[in-house]
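Here the structure is laid out as structure tokens; the discussion comes afterwards.
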There are 2 protein chains.
Amino acid sequence: MSKPKTPPRLRFESHQIDKVDATILEALDADARLSMADLGRLIGMSAPAVSERVRRLETAGVIRGFSLDVDTRALGYEIRALVRIRPFPDKLHLVEKLIQETPQVIEYDRITGDDPFLARLVARSVEEMDEVVKTFCEHAVTSTCVIKSSSHTRRLPPLHGP
Amino acid sequence: MSKPKTPPRLRFESHQIDKVDATILEALDADARLSMADLGRLIGMSAPAVSERVRRLETAGVIRGFSLDVDTRALGYEIRALVRIRPFPDKLHLVEKLIQETPQVIEYDRITGDDPFLARLVARSVEEMDEVVKTFCEHAVTSTCVIKSSSHTRRLPPLHGP
DNA sequence: GTTGAAAATAGCACGAA
DNA sequence: TTCGTGCTATTTTCAAC
């Protein structure tokens with residue numbers, strides 16, 4: 001009797017990563033420019049082995065990319081704010097386009113609840129912030145709050161391997 | 001007559017970066033693992049030159065670090081949510097500590113307005129999300145909304161050089 | 001800023017567990 | 001499959017200019 005075929009076993013189909021991958025993710029999250037050699041030394045593996053693991057994490061979509069953590073304040077953007085945006089009737093798409101095209105908006109979420117959007121924006125001054133918010137106010141009800149401080153960098157949730 | 005002494009001119013004291021630095025930031029923001037050699041070819045400079053510019057951007061605090069963009073969904077966290085948190089009287093510090101110690105909270109902001117905190121959390125299910133929120137509810141009034149979708153990665157604001 | 005040389009690294013083929 | 005070794009091309013780093 002032939003052995004029953006198991007479906008092709010994708011390593012991440014069960015959303016499970018092992019401890020080595022978890023360590024890799026944590027290390028690269030702390031410093032995405034670590035060399036594969038250093039990473040290998042860190043976890044006791046050869047550079048090609050970790051390199052292939054990183055590549056697999058990329059193709060599996062776990063690692064979406066490698067990015068910069070920029071301090072917008074050091075660039076002169078003294079103000080950070082969160083703006084909840086509730087477009088007027090039939091203005092949803094227009095407002096979303098406006099949000100996307102506003103360069104001071106560095107990130108936004110489409111959310112459930114009364115306000116469909118939450119935008120994170122930066123500005124060089126309260127005046128600039130107000131100008132940006134005013135452009136939204138032409139087509140939406142907005143609610144703005146200034147960020148006093150933040151957790152410094154977005155961190156990883158628990159990574160539990162088998 | 002002796003030349004009047006100009007104060008030591010820090011490049012970023014005026015929060016101004018030149019076009020080359022702006023290009024470097026944009027390129028590294030898109031792919032933080034670009035080699036200095038590639039970066040140099042991109043902007044028409046030698047590798048040591050870009051390397052030093054990147055180092056200066058780091059010491060100036062413009063570049064805070066190099067990080068990973070991880071898709072939490074690929075790790076099994078199906079739910080992302082934003083929770084506004086208003087601690088009960090005298091519970092502000094306790095709640096902030098709780099927020100910090102909750103591993104599903106990947107980021108939070110201290111903000112102005114009625115709700116002092118906004119936390120971004122991930123969860124493997126609605127049930128897990130509810131469990132996390134419940135722990136906050138013991139010491140605070142909360143308001144939760146689920147994220148339907150997001151702008152994919154946080155982008156840079158305008159970088160205008162001289 | 002650039003160039004050039006030395007050390008470190010990345011990427012590949014191959015063989016072993 | 002996954003990892004290790006050995007090789008070569010590339011990159012990083014440091015020096016001198």
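What's counted below: heavy atoms across the whole structure, side chains too, no hydrogens, waters or symmetry copies. By convention in this document, chain letters (A, B, ...) are assigned in the order of the sequence lines, proteins followed by strands, and residues within each chain are numbered from 1.
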What residues, two or more places apart in sequence or in another chain, satisfy side-chain contact (heavy atoms from CB on, under 4.5 Å) together with [X]?
X        : result
A:His152 : none
A:Glu128 : A:Tyr77, A:Gln104, A:Ala123, A:Arg124, A:Ser125
B:Thr153 : B:Asp69
B:Ser143 : B:Arg84

ask   = If only atom types and distance count, is the side chain of A:Asp18 paired as donor or acceptor with the main-chain N or O of A:Val20 below 3.5 Å?
value = yes

key: Members sharing A:Val141's hydrophobic cluster (side chains within less than 4.5 Å)   = A:Phe88

task = List, by chain and number, the other hydrophobic cluster members for B:Val132, where Ile, Leu, Val, Met, Phe, Trp and Tyr join if side-chain heavy atoms come within less than 4.5 Å, directly or indirectly.
result = B:Ile79, B:Val83, B:Ile85, B:Leu92, B:Val95, B:Leu98, B:Ile99, B:Val105, B:Tyr108, B:Phe117, B:Leu121, B:Val126, B:Met129, B:Val133, B:Phe136, B:Val146

Rounded to whole angstroms, how far apart are [atom1] on [X] and [atom2] on [N]?
X       : N      : atom1 : atom2 : result
B:Met36 : C:dT3  : CE    : P     : 18 Å
A:Leu39 : C:dA10 : CG    : C1'   : 13 Å
B:Leu34 : C:dA10 : CG    : C1'   : 15 Å

request  = Select from A:Val20 and B:Ala37 the residue whose nearest nucleotide in DNA chain D is closer to the 5' end of that strand.
outcome  = A:Val20

query = Which angle, to the nearest 10 degrees, lies between the helix axes at the two ends of the helix from C:dG1-D:dC17 to C:dA17-D:dT1, each defined by five pairs?
reply = 40°

task = Please work out which residues in residues 42-59 of chain A have a non-hydrogen atom less than 4.0 Å from an atom of DNA chain C and list them by number.
result = A:Pro48, A:Ser51

key: Pairs meeting criterion salt bridge (charged side-chain N to carboxylate O under 4.0 Å, His left out) with involvement of residues 141-159 of chain B, two or more places apart   = A:Glu107-B:Arg154, B:Glu107-B:Arg154

key: salt bridge (charged side-chain N to carboxylate O under 4.0 Å, His left out) contacts in which one or both residues fall within residues 132-146 of chain A, not counting sequence neighbours   = A:Asp130-A:Lys134

Side-chain donor-acceptor pairs under 3.5 Å in residues 23-32 of chain B, sequence neighbours left out?
from	atom 1	to	atom 2	distance (Å)
B:Thr23	OG1	B:Lys19	O	2.8
B:Asp31	OD1	B:Arg33	N	3.0

query = First contact, last contact: which nucleotides of DNA chain D are these for chain B, 5' to 3', heavy-atom distance under 4.0 Å?
reply = D:dT11 to D:dC14

